[in-house]
Amino acid sequence: MVKLSEMGSFTLKALERVLLRASGSRDAAMNYRDRIVLITGGNSGIGRAFVDRFVEAGARVFTCGRNARTLGELRAAHPGIDAWRCDIACAREVDALRDHIANECGRLDMLVNNAGVMTQVNFRDDGVDDATIAHEIETNLTAPILLTRRFLPLLREGREPLILMVTSGYALLPARRAPVYSATKAGLRAFTRALRYQLDGCGIRVVETLPPFVDTPLTANMPGRKMSPAAVVDATLRAIERGRDEVFVGQVRYLPWLMRLAPGLATHLVANS
Ligand SMILES: NC(=O)c1ccc[n+]([C@@H]2O[C@H](COP(=O)([O-])OP(=O)(O)OC[C@H]3O[C@@H](n4cnc5c(N)ncnc54)[C@H](OP(=O)(O)O)[C@@H]3O)[C@@H](O)[C@H]2O)c1
């Protein structure tokens with residue numbers, strides 16, 4: 001028979017679980033203490049929100065970007081972190097960052113492939129140039145794939161290692177205004193899924209987060225309702241805690257349903273978003 005005192009402790013534990021679930025991000029954040037995390041593009045937007053959250057949670061944070069000013073601001077805000085000037089498209093610079101983390105920590109627990117760019121190219125204009133297109137493909141698709149390969153040995157040494165790919169709702173359906181961007185995100189989504197199959201059973205978890213329209217410098221010149229970067233981080237970490245490997249954030253969560261129920265409408269809405 002269950003004693004009253006046991007029932008009390010059961011109720012308290014259940015209540016604690018409900019409260020933890022309600023607080024969501026805190027629940028997730030607590031688990032990142034002493035974790036070694038690398039976030040690419042942590043000096044702006046969504047990456048910066050990841051940095052803030054992991055620092056708050058007591059993780060050892062490494063990040064990289066190219067902009068000296070925003071990297072400096074980041075270091076000033078978080079003196080304990082390693083903010084490196086590193087172009088993810090440059091193999092030599094990525095190797096230097098990997099060697100630094102290997103020397104400092106000997107392992108990596110979490111890799112957040114967040115850095116990315118978006119250009120609004122119109123192929124009906126003569127102004128579209130090869131260099132802009134190649135740069136977008138290199139930054140958004142080639143670089144995170146190569147970077148992931150380079151960090152796999154360190155992740156194998158990690159504690160509950162996890163690779164997080166930041167793709168986009170445009171990975172599901174393309175937007176008229178960003179054809180190259182949409183293609184890179186769809187490509188990165190395909191890579192992420194295939195990598196998940198390959199690493200299944202190796203102990204390295206592979207997660208993808210697909211944010212909606214987010215209020216960052218990347219979307220500064222685009223009007224519309226935008227989610228905050230912190231809310232994207234909250235939703236992503238909460239879903240990771242719940243064991244999800246694909247995180248459809250904000251309005252993106254309706255998209256897979258809409259694609260099934262009304263594919264024409266879904267295509268139209270995203271194309272013109
Ligand atoms: N904002 C949105 O609506 C939205 C929606 C869905 C998905 N996303 C994705 O979320 C990610 C972050 O975007 P965001 O909105 O936060 O944009 P953001 O504010 O412009 O930040 C992009 C970050 O990527 C870094 N970066 C770009 N190219 C790099 C390179 N070659 N090497 C190293 N770092 C590089 C930038 O740093 P430097 O400039 O210093 O290099 C910056 O820190 C991207 O992958 C984006 O596609 C954004």
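Side chains included, hydrogens not; waters and symmetry mates left out as well; all remaining heavy atoms used. All ligand and atom numbering here is 1-based and tracks the order in the structure.
The nearest heavy-atom contact from the protein to atom 13 (O) of ligand 1 is L218 CD1, 4.1 Å. Looking from atom 32 (N) of ligand 1 to the surrounding protein, the closest heavy atom is I88 N, 2.9 Å. Nearest protein heavy-atom contact of atom 22 (C) of ligand 1 is G116 O, 3.6 Å. Atom 3 (O) of ligand 1 has as its closest protein heavy atom V214 N, 2.7 Å. Distance from atom 36 (C) of ligand 1 to its nearest protein heavy atom, with residue and atom name: N43 OD1, 4.1 Å. Nearest non-hydrogen protein atom to atom 38 (P) of ligand 1 is R66 N, 3.4 Å. Atom 26 (N) of ligand 1 has its closest protein heavy atom at A115 CB, 3.6 Å. In this structure, the protein non-hydrogen atom closest to atom 33 (C) of ligand 1 is C86 O, 3.3 Å.
Taking a cutoff of 4.0 Å between a charged side-chain nitrogen and a carboxylate oxygen, R60 and D109 do not qualify as a salt bridge. Taking 4.0 Å as the cut-off between side-chain N and carboxylate O, R238 and E241 do not count as a salt-bridged pair. Checked for salt-bridge contact, D52 and R48 meet the test: a charged N lies under 4.0 Å from a carboxylate O. A salt bridge is absent between D95 and R92: the closest approach of a Lys/Arg side-chain nitrogen to an acidic carboxylate oxygen does not fall below 4.0 angstrom. For R189 and E246, the salt-bridge test passes: some basic side-chain N is under 4.0 Å from an acidic carboxylate O.
Around the OH atom of Y254, the shell of radius 6.0 Å holds no more than 12 heavy atoms that belong to other residues, nucleotides or ligands. With a 6.0 Å radius and a threshold of 12 heavy atoms from other residues, nucleotides or ligands, E160 has its CD atom at or below the threshold. The environment of N221 atom CG is dense: over 12 non-hydrogen atoms of other residues, nucleotides or ligands sit within 6.0 angstrom. With a 6.0 Å radius and a threshold of 12 heavy atoms from other residues, nucleotides or ligands, H268 has its NE2 atom at or below the threshold.
With S168, P212, P211 as candidates, the residue nearest to atom 5 (C) of ligand 1 on a non-hydrogen basis is P212. Among V166, T216, T184, the residue whose heavy atom lies closest to atom 1 (N) of ligand 1 is T216.
Taking every heavy atom of N67 and a limit of under 4.0 angstrom, the matching atoms of ligand 1 come to 38 (P), 40 (O). Atoms of ligand 1 found under 4.0 Å from any heavy atom of G45, numbered from 1 in the order shown, are 16 (O), 19 (O). Heavy-atom proximity to T219, at under 4.0 Å, picks out these atoms of ligand 1: 1 (N), 2 (C), 3 (O).
Note on ligand 1: Y181 sits in its first shell, one or more heavy atoms being nearer than 4.0 Å. Under the 4.0 angstrom criterion for non-hydrogen atoms, T167 is in contact with ligand 1. At least one heavy atom of K185 lies less than 4.0 angstrom from ligand 1. The closest approach between a heavy atom of A143 and any atom of ligand 1 is not below 4.0 Å. Within the structure, the closest approach of D87 to ligand 1 falls below 4.0 Å when heavy atoms are considered.
In this structure, K185 forms no cation-pi arrangement with Y170, as its terminal cationic atom is not both closer than 6.0 Å to the ring centre and no more than 45° off the ring axis.
Proximity of N114 to ligand 1, defined as any heavy-atom pair under 4.0 Å, is shared by backbone and side chain alike. With a 4.0 Å cut-off on non-hydrogen atoms, N140 does not touch ligand 1 at all. Of all the heavy atoms of M118, none lies under 4.0 Å from any atom of ligand 1, so neither backbone nor side chain is involved.
None of N113, T167, T192 except one satisfies the side-chain hydrogen bond (donor to acceptor under 3.5 Å, both in side chains) rule with E208; the exception is T167.
A230 and A49 get closest at one heavy-atom pair: N-CB, 3.9 Å.
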Pair N43-E73, side chain to side chain donor-acceptor pair (under 3.5 Å): steps then yes or no: CA-CA 8 Å; N43 47 333; E73 287 167 7; over 6 Å; no

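Rounded to the nearest 0.5 Å, atoms CZ (F191) and CZ (R196) are 11.5 Å apart.
Backbone and side-chain nitrogen or oxygen atoms of I46 are examined, and one is located within less than 3.5 angstrom of a nitrogen or oxygen of ligand 1. In terms of polar-atom proximity, G41 is counted as a contact of ligand 1, with an N or O under 3.5 Å from an N or O of the ligand.
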